[in-house]
Each structure stands twice: as structure tokens, then as C-alpha cells.
Amino acid sequence: MPNSAIIFSGVRTRFAPSPTGFMHVGNLRTALYEYLLAKSMGGSFVLRIEDTDRERLVEGATDTIFQTLKCAGLIHDEGPDIGGPCGPYVQSERMHLYRPYAEQLVREGKAYYCFCTKERLDQLRLSSDNPDSAGYDRHCRTLSDDLVAEQLALNMPHVIRQKVPLEGVTTFFDHVYGEISVPNKDLEDQVLIKADGFPTYNFANIVDDHLMGITHVVRGSEYLSSTPKYNLLYQAFGWNIPEYVHLPLIQGKNPDGTVSKLSKRHGATGFEDLVAEGYLPEAIINYIALLGWCPKDNTQEVFSLEELVRAFSIDGISKSPATFDYDKLDWFNSEYIRAMDARAFYEHAAPYYRQLGVDEALSATLLEVLQPRITKFIEIPEKISYVKALPEYDLSLFEHKKSKSTIETSISMLGKLTDLLSDISEWNKDSLMSRLTALAESEGVKNALVMWPLRIAVTGTLVTPGGAVEALLLIGQKESLNRIEIARARLSIFNN
RNA sequence: GGCCCGUUGGUCAAGAGGUUAAGACAUCGCCCUUUCACGGCGAAAACAGGAGUUCGAUUCUCCUACGGGUCACCA
């Protein structure tokens, strides 16, 4: 018999993903809460890979799990890559452990061998009154010992099933949902060991949680309905039942206004996809932390991971499902961007404008103009594309009600600006600003009447980050004058 | 369909028998202003419905409706 569980002190949580693809934000949030729960109570966070489904294995998926956790800052204390006292931490490497436990249950009459074929089971489902609700009919539950021995001796393919009590009620306590009771007659004799010899998730899960000393099982609420079966298993072994913390689902908003479980059609739902779309890992973590959990002092919204650890408590977790809101994520992302110091912002932003071929010397202006205005860094190229090339634009852009700018005033102002700007020797913010405001003053008009046509002529863009002065700075004197000439030439059709 | 869970503004949510039912995002308006954004101020917007219990229910109980989850040799 394998060793029994090592005795640990303190809280131990585990993140147990299966390597079947990318990291869904729902899974990430589960990992986050497991991390927060453990760390907030000075405990350990364990990573375990559940790869018992050989058919759904995806190459590289385990690396994605490692990278995502690292990138999100959820550092585990034990896991496949760093080891620990309960290794190995990959279920396929613990294969030898599970069957003896299952056989122990068989010997004790709490589980049994089942030789039913896939075909029989399919047939069972089809012939049932209600194909959707048919469970296993417990055909092999009462096979004689002799018959079982005979089948086994013949090497007949088989599984091991849990023998669920036919009567009674199983009750468990969940820290989020409270006490939940289910009649045992509604529980199926689930498979523990599959025909390929691998344990099912249902079985490996409880064996490993026990052996690894997991004190708090945190998982999505979709496991709520199978929890009674797990408890029956713990009881069958005489093991302690862990604390349960089931999490509300994360839903997505459908185009028709309804909601359903968050999936690809709602937009990016993988951590990597969100990062690729321009969301900062810290912002994603901050946002999903608040999806289904609320701090005691709920005046604060922006939390670092350390702050989350300090603020976290189980009773702040809500029962009702939350809808993923990209607008709110956007807001968090901009908050994180605005809070960056100059160096960090530069490091994130520079690659985007360099890729546009914009001169490094313009960084100062660019940074100042961009930081308060972007929600994601990937927006940078489209926001400043006018710097590299004057876009085609409609002359109607020169008309702007709020600035009182019209075609006529534009023609007039641009004429004056040509002279004024050719004349400037120091092409910097202060001198440009003072010369332009001086012009407005001498003309007896508002600054906007000068700035509007200038900005349009120089950028050809209705909305730009920063104003006319910044645009002039970014484009340079020569090209600015060139663009003003282009505008004047085009506007000349309105003369006469 | 059986079983389980849920339901406070468009979204995230606080509130746990007596409150003008917080706050944030989004929306709209105003201010600031060189367009936009930032910032400031403000507006609109909610206890799913019905029975109880109670002097009083958003808060407790039950029912209904709606939403979700689950019923695999997937996790």
C-alpha cells in the first residue's frame, strides 16, 4: 500500500489544470483564488498537472500553464518543475498509486469491477426513456465473485466503479454555497479506474488531494453536483474531507443580450489572447479578482497582487455568476498604464512607435501625449499614424462648430501661419505655443480658431492625441510647412 | 427531464429585518481646454413576481418565473 498522506500544518491549496489547451480566464481566476487563499493564510499553493485523459492531451499545454502562472505572478510552492515533498506532481507519473487504492475499495465492498462494454453502455443510453438522464444501470454491481475472478483471469477489459449507497443522503458544506444535500439514489456508480488503466479525474483527484495534504479544494461551481460522490469516497477511505470553496461561473455577454458560459465567441478568453490584445497581466489579474469576489473595504478597486493577498477572504466570494465585461477590463488597463512611471511606459510604448519608423528623438513628446490617452499599447500605431504620412482627408474637417472654424477662417489662418511658422527658429513647445497664442491674440480670436485649422492641415486627422503644438513637434518644421501648403492649395478651390 | 445552484441599475457589486439602497465601469450633461483624452462636477438607472413570518421585509420561509450548472471509461 502506498504511503499515507504526509502531515502538513497550515492551509494548502492546489491548482490542478489539465493540459488540454490554452488558459481560460475562468481557470486563471480559480488559480488566483487558490493562490490568494493560501497566501492570505500563510499556506502553500501547489500546482498539479491532471493529465489522465490521454486523448485530450495537447502538446505544449503544460508549458503554457507554467508561463501563464509565472506571467501572472502566481508562484507555486510545489509543482512539477520545482518538486516538493509530495511529488511527482504530474498524474501520469503517479499511475502506480491509484489502482491499489481502488482495489482496496473493491476488497472492502465499496467498489466493484465492471466489464460492461462501451457498446452496452451506449445502448443503455439510447434505450432509456430519457436518453439525457440515463445513468449506469449497475449491471455489474452484483456479479458473483467467481464470475469476476473468471473474467479477470481471462484478461477481460474492465473498469472499477464506485459502489454508491442506494439509500440515504449525502450532505456537505461549502464555504460559498453553504450546506448542500443530495439523495444518494441520484448519484451514479462512477468510474474510478478506466479500461486503459488510468484513473478518472474523479478518482485521481481525491487520492492526490489526500496524499498531498490539500486542506481547501477551490474549483468552479460546475463541480458542485459531483462533490457528494467525492465525499462518499473520502468516507470510504476514512480520510478527512477537505474544506470546499466552489466559485461562481464567469459568463459572457451574447450579441442578443443574453449571457452564457464565457467562450471564444465572446471575444478573447485565454490569458495569452488577452495579453496579445494589449491587456497587461496585472490588469487582467486585478479585474478577474473582482469578478466574483469583493473586498471587505470595497472602496478600493485597483489592487496589486500583494494587496489582494492582504485583502482576500473567503466570505467575500459571491454565489451568483458574473459576466465578463471588456469595458471594465479596458478601464483597469488604462489605470495601470496611467500609473506607470516614465521608464516603464517608455519600455512598453517604444516598440510600437519604432515599428512605425518614428524617430526616437520624439519620444518625450510622444510619451507625454500618449500615456493619458491609450487604453492598450497596441492602439499606438493607429493613433499616431499621421506622423509618418499625411492621410487623405476631406476638406470638411476644417469646419468645426465648437472652435468656430470654417473653410474661410481656415484659409485665412493658414495663410498667416505659413509666414509665422517659416519664421520660427526654435522649434519647441514653448516657442510654438507662445507664437501661436500671440497670433490668436493679435487677430482677436480664440486660440481654437488658430489651432483647429493648423492641426487639421498638419495631421489630416479629426481626432489626434495631443494638440496642434504636439503635432507640429512630432512632424517637424519642414514637413509641417509642406502640409500646410498642401492644405492651402486644396482649399484654394473655395476662393472666388 | 431528474438533481443542484443562483436572481440588487446595461455590467461588477455593497448592504444580512427599519438606509435618501453605497461605490466602480459604461451612458448622458456641464466645467476645464488646442481636437481627443485626463481631471472636476452632476444626471439617469436596481432589490424578478407572488404568498407568508413580522409592527416593519431587498434582507427570513415557501411557491412560481427566469438564468445557470450537472447527469462520460472529460476534467
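Per chain, numbering begins at 1; letters A, B, ... match sequence-line order.
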Q: Find the partner of B/rA21: check Watson-Crick (N1-N3 plus N6-O4 or O6-N4) and G-U wobble (N1-O2, O6-N3) distances, both under 3.5 Å, and reply none if neither fits.
A: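 Per the H-bond distance test, none.
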Q: Report yes if a side-chain nitrogen or oxygen of A/Lys404 is closer than 4.0 Å to either non-bridging phosphate oxygen (OP1 or OP2) of B/rU35; otherwise report no.
A: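 Indeed not, no polar side-chain atom of A/Lys404 lies that close.
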Q: When you check the phosphate oxygens OP1 and OP2 of B/rC74, does a side-chain N or O of A/Thr52 lie under 4.0 Å from one of them?
A: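 False: A/Thr52 side-chain N/O out of range (4.0 Å or more) of B/rC74 OP1/OP2.
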Q: Do the side chain of A/Ser431 and the main chain of A/Trp427 share a donor and acceptor less than 3.5 angstrom apart?
A: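 A pair under 3.5 Å: no.
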Q: Taking the P atom of each, how far is B/rC71 from B/rG39, in whole Å?
A: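 My reading of the P atoms in B/rC71 and B/rG39 gives 46 Å.
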Q: Mind calculating the distance between OH (A/Tyr113) and C1' (B/rC73) to the nearest angstrom?
A: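 Taking atom C1' of B/rC73 as the reference, OH of A/Tyr113 is at 16 Å.
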Q: Report yes if at least one side-chain N or O of A/Arg338 is closer than 4.0 Å to OP1 or OP2 of B/rG39; otherwise report no.
A: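 Yes, A/Arg338 has a side-chain N/O under 4.0 Å of OP1/OP2 on B/rG39.
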Q: Which nucleotide sits closest to the side chain of A/Lys253: B/rG6, B/rU11, B/rU34?
A: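 In terms of side-chain proximity for A/Lys253, the closest of B/rG6, B/rU11, B/rU34 is B/rU11.
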Q: For residues A/Asn205 and A/Tyr230, is any side-chain donor paired with an opposing acceptor at under 3.5 Å?
A: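 There is no such pair between these side chains.
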Q: Is there a Watson-Crick or G-U wobble partner for B/rA13 with both distances under 3.5 Å, and if so, which one is it?
A: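 Here B/rA13 is not engaged in any pair, so there is no nucleotide opposite it.
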Q: Measure from the side chain of A/Pro321, starting at C-beta and using heavy atoms only, and say which of B/rG6, B/rG69, B/rA75 lies closest.
A: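 The listed nucleotide nearest to A/Pro321's side chain is B/rG6.
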Q: Regarding B/rC36, can its base be found pairing with the side chain of A/Arg373 as donor and acceptor, where the two atoms are less than 3.5 Å apart?
A: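 By the distance-only test, yes, there is a pair.
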Q: Could you identify the nucleotide paired to B/rG42, looking across every strand shown and requiring Watson-Crick or G-U wobble geometry with both distances under 3.5 Å?
A: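 Its partner is B/rC28 (Watson-Crick or G-U wobble, both distances under 3.5 Å).
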Q: Quick one: is A/Lys229 getting a side-chain N or O under 4.0 Å of the B/rU70 phosphate, OP1 or OP2?
A: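 Answer is no, no contact under 4.0 Å.
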Q: Rounded off to whole Å, could you give me the OH-to-C1' distance for the A/Tyr223 and B/rC4 pair?
A: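 Between C1' of B/rC4 and OH of A/Tyr223: 16 Å.
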Q: Any N or O donor-acceptor pair under 3.5 Å from the base of B/rU35 to the side chain of A/Arg455?
A: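 Under the 3.5 Å cut-off, the side chain and the base do form a donor-acceptor pair.
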Q: Can you tell whether the side chains of A/Arg141 and A/Asp189 come within less than 4.0 Å, N to carboxylate O?
A: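 A salt bridge is present here (some side-chain N lies under 4.0 Å from a carboxylate O).
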Q: Salt bridge between A/Arg219 and A/Glu34, side-chain N to carboxylate O under 4.0 Å?
A: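 Between A/Glu34 and A/Arg219 there is no salt bridge, as every charged N stays at least 4.0 Å from the carboxylate O atoms.
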Q: Find the partner of B/rC47: check Watson-Crick (N1-N3 plus N6-O4 or O6-N4) and G-U wobble (N1-O2, O6-N3) distances, both under 3.5 Å, and reply none if neither fits.
A: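 None - no nucleotide pairs with B/rC47, as no candidate has both distances under 3.5 Å.
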Q: Just by modelled atom types, is the A/Met340 backbone N or O under 3.5 Å from a matching donor or acceptor in the A/His348 side chain?
A: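 Not a single qualifying donor-acceptor pair exists.
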Q: Are A/Asp315 and A/Lys296 within salt-bridge range, i.e. N to O under 4.0 Å?
A: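 Judged by the 4.0 Å cut-off on N to carboxylate O distance, A/Asp315 and A/Lys296 do form a salt bridge.
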Q: With nearest nucleotides of RNA chain B determined for A/Trp452 and A/Gly316 from heavy-atom distances, which residue corresponds to the more 5′ nucleotide?
A: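 Whichever sits nearer the 5' end wins; that is A/Gly316.
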Q: Using both distances under 3.5 Å as the test, list the Watson-Crick or G-U wobble partner of B/rA37, or none.
A: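 By the stated definition (distances under 3.5 Å), nothing pairs with B/rA37.
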Q: In whole angstrom, give me the gap between the P atoms of B/rA16 and B/rG52.
A: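 Pairwise P distance, B/rA16 against B/rG52, rounds to 26 Å.
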Q: Measure from the side-chain heavy atoms of A/Leu249 and tell me the nearest of B/rA75, B/rG68, B/rA13.
A: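 Closest nucleotide among those given: B/rG68.
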Q: Tell me if the side-chain of A/Lys328 makes a donor-acceptor pair with the base of B/rA26, cut-off 3.5 Å, by modelled atom types.
A: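 By the distance-only test, no, there is no pair.
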Q: With P as the reference atom in both, quote the distance from B/rC32 to B/rG40 in angstrom, rounded to an integer.
A: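 About 16 Å, rounded to a whole number of Å.
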Q: With a 3.5 Å cut-off and heavy atoms only, can you find an N or O donor on one side and an acceptor on the other between the side chain of A/Asp325 and the base of B/rA26?
A: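 Not at all, since no donor on one side and acceptor on the other fall under 3.5 Å apart.
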Q: If you look at every strand shown and take non-hydrogen atoms under 4.0 Å, does A/Ser334 touch a base, only sugar-phosphate, or nothing?
A: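 A/Ser334: no heavy atom of the nucleic acid under 4.0 Å.
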Q: When we call it a touch if two heavy atoms are under 4.0 Å apart, what does A/Val469 touch: a base, just sugar-phosphate, or nothing?
A: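 Contact class for A/Val469: base.
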Q: Classify A/Thr464 by what it touches in the nucleic acid, base, sugar-phosphate, or nothing, heavy-atom distance under 4.0 Å.
A: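 Answer is base: heavy atoms of A/Thr464 come under 4.0 Å of a base.
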Q: Taking pairing as Watson-Crick or G-U wobble with both contacts under 3.5 Å, can you name the mate of B/rU7, or confirm there isn't one?
A: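 The base-pairing partner of B/rU7, which may sit in any strand shown, is B/rA65.
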Q: Go ahead and name the base partner of B/rG2; Watson-Crick or wobble counts if both distances stay under 3.5 Å, otherwise write none.
A: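 Its partner is B/rU70.
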